[in-house]
Amino acid sequence: MSSMLSDLNPEQLEAVTLPHQSALVLAGAGSGKTRVLTTRIAHLIQSGQASPHGVLAVTFTNKAAKEMLVRISSMLPINTRGMWIGTFHGLCNRLLRAHYHDAGLPQAFQILDSADQLALIKRILKGLGADEEKFAPRQVQWFINNAKEEGMRAAEVEAYDDFTRKMVEFYLPYEQQCNKEGVADFAELLLRSYELLVRNEIIREHYRSRFIHILVDEFQDTSRLQYKWLRLLAGSRTAVFAVGDDDQSIYAFRGANTGNMKEFERDFHISKIIKLEQNYRSHGNILSAANTLIRNNSGRLGKNLWTSEGHGELIRVYNALTDLDEAAFVVEEVKSLHSEGIALSQIALLYRSNAQSRVLEHALFNAALAYRVYGGMRFFERQEIKHALAYLRLIANPNDDGALLRIVNFPARGIGTRSLEQIQDDASRQGASLWSAMLERCGRLAPPPANTLPGASSGAGRTTSEQTKKGVGGFIALIEFMRHGCEKLPLPEVVEHVVEHSGLAAHYRAEREGADRLENLNELVNAAASFVHEAEDGSLAAFLSHASLEAGEHQAGEGRDALQLMTVHSAKGLEFHSVFLSGLEEGLFPHDNSRNETGGLEEERRLMYVAVTRARRRLYLSFSQSRMLHGQTRYNIPSRFLQEIPENLLKWLKPQQKGSTRSAEAWNSPFDRSPGQMAGSMQGTAPAATQNATSSRWRIGQNVIHPKFGAGVILSCEGRGADARVEVRFNRAGTKWLLLEYAKLTPA
DNA sequence: TGTTGCGCAGTTTTT
DNA sequence: CTGCGCAACA
């Protein structure tokens, strides 16, 4: 035990050994947060204050949960399998599986991921004949999820305006359909298990007396409903140990509520907040940058990171001409870092949005550098995987209409939109699932015996209805054949069986570009095998939940040394020797969409704070003057966040070609950085001094006068010669595009 | 019935 | 630029 606690600092030690009481730990980036959490759990168990059975720990990502389990098992010789450690969604799922009956769910209920949910909403909108133009499916999805987050069922939403009334009209049938199919979306997992605990005193008291210790990681990211769930689960004897960092709250957009921290203080009578401010990760300059940056936010709980290490290197800044130039710069720097002996896996390329990875990937590919992209296309979200899972889902739960629709005619088996429409009509008339409507329709047709496989694809030349019957009958036979075939098989073989007999394998074998997909299907069998190996419940239903809840975790090609590419969001909780943060431009980071949201800018700044604090030793910041976005070139000005970092922490890398002053130009305006601040960083080039006929007279940030519109500033430039035009924001006349050939602009 | 081509919209972040 | 949905073909 002593070795476990011996190298903790006093604050960490206090947090780890805190007596049985609720506590709030404010843990800065890199301050050993996870370590404190896991060591506390180990300590509680080892000192006999709690049994593994009596501890519940909740994290925000699957990665964090896994990490926690690994660390605990390295400290204690216990089986962590039975411990309740996981994400909110994962734990709620577990609760609902255990009490599915009391929760009003079928035993084999399935989980809809966002895409499944959206598909279901589209189906419902279509069924209602709703105007998709007017009511975007995404908007409906947003509304439903928000309502659930507020704890409201469709019948409970108070609609005072037309829009809300309309939304409720969609929410109601959506709710019904989910119940009928036996499926639950992400928000449903939370809401339903919350309701279960509210309504069922026996179950509630059972868990209340069982979980003596509840530990919450990333507490700043909890939503209102999650907090209510926690409060409900915590009994009078339960100590809730919450660890969080308000400065790293980056999920407000999906309902995270930092206010929970203050409420927690009140509700749980927290007398003292423990602050972990010593950072063990980054060198001084990086920390200073992060500290200064975040100080621009208001309403912080207050916390300043410090380190006992030296200043370290300056933060390197690169001003690129184009996004391609920026990518080339990154590649060159990565190469030289790598040749200095830094492992590729210790270098991260971070960006604000997934779309930005493209250019980087392209450059890395050409340079033959190994890289790995996190996020983006996830394994369990690939279409071939979704197809295979849909077969499995239908086998587990025939009422899953969404699954049925996905694969009823894939691979093609002659069930077209016509026959489907009939079946859908039947189903809605009978109030039954598509599957039972199909059975009904073919019941008189004497479907082939279940142990005969239907022919793969039918020839042409039959009448439509004949073909429909054949197709539908064949489909039913196929599903039942597979269901019977799978009854006695272990999970991996079930998956293999389905991949093979569904016709998916044959389909992708025949397809020219199908090799990757086939490989992924194989990988799915492997995923099932390792799932059975690791999970305590190796059932098909459990595997399917796993697939929905951990869409991202499974990746092929793990383990080889590769660069790490990811969004800033997914980098939270990680650290790297070197970090490249690219695309530091207004509009991208902070993102345009954040401007209208209240608190949007501050959330972006926290995101920036998270990004900066990922770096241990070296940090690169880069921005580009132009960038391809949505198929056209955009001209951006550097991010305000760059300006918020003190100049003396920065080292400006040489811009592209000698003699160019472009890097300085962008700074002239609209920022009012004084020339003094710029001295030293620009190798002394005087802005606007080298203007001549060859370089354009007009540049971004240039102040101009227009005879009619008055004074303004150039936001962007485009085109050459006769086509050349500029976008100008006038002080009084708004923003306009002007053709240089005609507009009589004069420099101000 | 399946395939192809066109037009259109979209992307912030994740369980 | 891409992926999707919808409209005309084979």
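Per chain, numbering begins at 1; letters A, B, ... match sequence-line order. Not measured: the values here are computed from a predicted model.
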[X] [atom1] to [N] [atom2], straight-line distance once rounded to whole Å:
{"X": "A/Leu118", "N": "C/dC4", "atom1": "CG", "atom2": "P", "answer": "12 Å"}
{"X": "A/Lys63", "N": "B/dT13", "atom1": "NZ", "atom2": "C1'", "answer": "14 Å"}
{"X": "A/Glu550", "N": "B/dT14", "atom1": "CD", "atom2": "C1'", "answer": "13 Å"}
{"X": "A/Gln356", "N": "B/dT13", "atom1": "CD", "atom2": "P", "answer": "10 Å"}
{"X": "A/Ile111", "N": "B/dT15", "atom1": "CD1", "atom2": "P", "answer": "13 Å"}

Under 4.0 Å between a side-chain N or O of A/Arg138 and OP1 or OP2 of B/dA9?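 The answer is no; no side-chain N or O of A/Arg138 sits under 4.0 Å from OP1 or OP2.
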Any side-chain N or O of A/Ser594 under 4.0 Å from OP1/OP2 of B/dT13?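 No, A/Ser594 has no side-chain N/O under 4.0 Å of OP1/OP2 on B/dT13.
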Looking for any heavy atom pair under 4.0 Å, which part of the strands does A/Phe60 touch: base, sugar-phosphate only, or nothing?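 It contacts sugar-phosphate atoms only.
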Checking all strands, does A/Tyr251 fall into the base, sugar-phosphate, or nothing category for heavy-atom contacts under 4.0 angstrom?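 Sugar-phosphate, backbone atoms only, no base.
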With distance as the sole criterion, is a donor-acceptor pair present between the side chains of A/Asn296 and A/Glu644 under 3.5 Å?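 Distance-only check passes for A/Asn296 and A/Glu644.
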Applying side-chain hydrogen bond (donor to acceptor under 3.5 Å, both in side chains) to A/Asp185 and A/Tyr174, what does each step give before you reach the verdict? CA-CA 11 Å; A/Asp185 58 51; A/Tyr174 172 82; 2.6 Å; yes
Heavy atoms from C-beta onward define the side chain here; which of [options] lies closest to that of [X]?
{"X": "A/Phe186", "options": "B/dT15, B/dT11, B/dT14", "answer": "B/dT15"}
{"X": "A/Ser570", "options": "B/dT11, B/dT14, B/dT15", "answer": "B/dT14"}
{"X": "A/Thr567", "options": "B/dT11, B/dT14, C/dT2", "answer": "B/dT14"}
{"X": "A/Thr61", "options": "B/dT11, B/dT15, B/dT13", "answer": "B/dT15"}
{"X": "A/Lys122", "options": "C/dG5, B/dT15, B/dT11", "answer": "C/dG5"}

Among all residues two or more places apart in sequence or in another chain, which pass the side chain to side chain donor-acceptor pair (under 3.5 Å) test with A/Arg614?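 Partners of A/Arg614 by the side chain to side chain donor-acceptor pair (under 3.5 Å) criterion, ordered by chain and then number, come out as A/Gln248.
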Considering only atom C1', compute the distance from C/dC4 to B/dT13 and round it to an integer number of Å.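 22 Å, rounded to whole Å.
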Apply side-chain contact (heavy atoms from CB on, under 4.5 Å) to the pair A/Glu218 and A/Thr59, showing each step before the final yes or no. CA-CA 7 Å; A/Glu218 309 278 16; A/Thr59 64; over 6 Å; no
Is there, by distance only and without an angle test, a donor paired with an acceptor across the side chain of A/Ser114 and the base of B/dT15 below 3.5 Å?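 Side chain to base: pair present.
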Does the side-chain ring of A/Phe253 sit on the six-membered ring of the B/dT13 base, less than 5.5 Å centre to centre and under 30° in tilt?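 So yes, this residue stacks on that base, both cut-offs being met.
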Could I get the full list of side chain to side chain contact (heavy atoms under 4.5 Å, CB included) partners for A/Asp425, not counting sequence neighbours?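 Partners of A/Asp425 under the side chain to side chain contact (heavy atoms under 4.5 Å, CB included) test: A/Arg429.
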For DNA chain B, whose closest nucleotide is more 5', that of A/Asn409 or that of A/His569?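 Between the two, 5'-proximity favours A/Asn409.
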